[in-house]
Structures are given as structure tokens and as C-alpha cells.
Amino acid sequence: CPMKQVEEGWVPDFDNRYFTEDIPCTVAIYKGVAEIVGVDTPAIDEVMTFFQHFMGKEYVKQGSLCGHDVAETMAPQAFGITCLRDFGVSARGAGAGA
């Protein structure tokens, strides 16, 4: 965890890019795609739920990527993609035109 020095010593730096960029721009994508294809993500849920509190954000709500700040992420849900068909992919994996 990135740290910053304060008068009392060292504390986590929740303004570091590991939180401000990596969670909404990377971890949220994994969570969003997994949610669309029906794969549980308990470890991702735990990480996002824990750290979003310190970031003052709400991405995951009751285990789903539907929190108030999802639109700030790069997750498919931020762009209105909520099912495989929105990706142009059938359930069997072929492209929409196939």
C-alpha cells in the first residue's frame, strides 16, 4: 500500500494512483466483465468494497457493480453495456454478424 508521511508518522495514501486509477480503470473492468458473464468475484468485491470507503467512492453495492460512482470507471456498465449482446457477442462466443 502506498504510504505518505504525516506528523504522526506514516498513513496509507488513498490519493495515490494505485487507488485513484487502478481501481476504477482496471479492477472495475474485471469486475464488470465477470458480472456480465456470470462469474463471481469475491476477492475483487472485497478489495473494491474495502478501499472505496477510504476513497469516498461507491462502485460496488451489495456485491454488484451498481454503486453511485460506476460512471467514473472504465467498466462496461459505465458505458451502458450490461450483457454479452451489448458487446456484439452471442452466448456461444460468435460475433453478432456470424
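Residues take their numbers from the sequence shown, with the count starting at 1.
Cluster annotation: Tyr59 is not connected to Ile29 through the hydrophobic network of ILVMFWY side chains, with a link wherever side-chain heavy atoms come within less than 4.5 Å. Note on Val27 and Val33: separate hydrophobic clusters, where clusters join Ile, Leu, Val, Met, Phe, Trp and Tyr whose side-chain heavy atoms are under 4.5 Å apart, directly or indirectly.
For Thr49, the side chain to side chain contact (heavy atoms under 4.5 Å, CB included) partners two or more places apart in sequence, or in a different chain, are Gln52, Val60. With sequence neighbours excluded, the residues satisfying side chain to side chain contact (heavy atoms under 4.5 Å, CB included) with Ile36 are Pro76, Gln77, Ile81, Leu84, Phe87. The side chain to side chain donor-acceptor pair (under 3.5 Å) check on Thr82 picks up Asp86, with sequence neighbours excluded. For Asp13, the side chain to side chain donor-acceptor pair (under 3.5 Å) criterion is met by no residue, not counting sequence neighbours. For the ring-ring contact (aromatic ring centres under 6.0 Å, His included) test, residues two or more places apart in sequence or in another chain that qualify with Phe54 are Phe14, Phe50.
The CD1 atom of Ile44 lies 10.0 Å from the CG atom of Leu65; values are rounded to the nearest 0.5 Å. Distance OH/Tyr30 to OG1/Thr26: 6.0 Å, rounded to 0.5 Å.
Within the structure, side-chain hydrogen bond (donor to acceptor under 3.5 Å, both in side chains) contacts touching residues 65-74 (residues at least two apart or in different chains) are Lys57-Glu72. Legend: side-chain hydrogen bond (donor to acceptor under 3.5 Å, both in side chains) pairs involving residues 31-40, not counting sequence neighbours, sorted by first then second residue: Lys31-Thr41, Lys31-Asp45, Glu35-Ser64. Residue pairs meeting the salt bridge (Lys or Arg N to Asp or Glu O under 4.0 Å) criterion with at least one member in residues 20-29, sequence neighbours excluded, are Arg17-Asp22.
Taking all atoms of both residues into account, the shortest heavy-atom contact from Pro24 to Phe19 is CD-O, 3.3 Å. What you find for Pro12 and Lys4 is that their closest heavy atoms are O-CE, 4.2 Å.
Surrounding CE of Met3 are more than 12 heavy atoms belonging to other residues, nucleotides or ligands, all under 6.0 Å away. Within 6.0 Å of the CZ atom in Phe79, the count of heavy atoms belonging to other residues, nucleotides or ligands exceeds 12.
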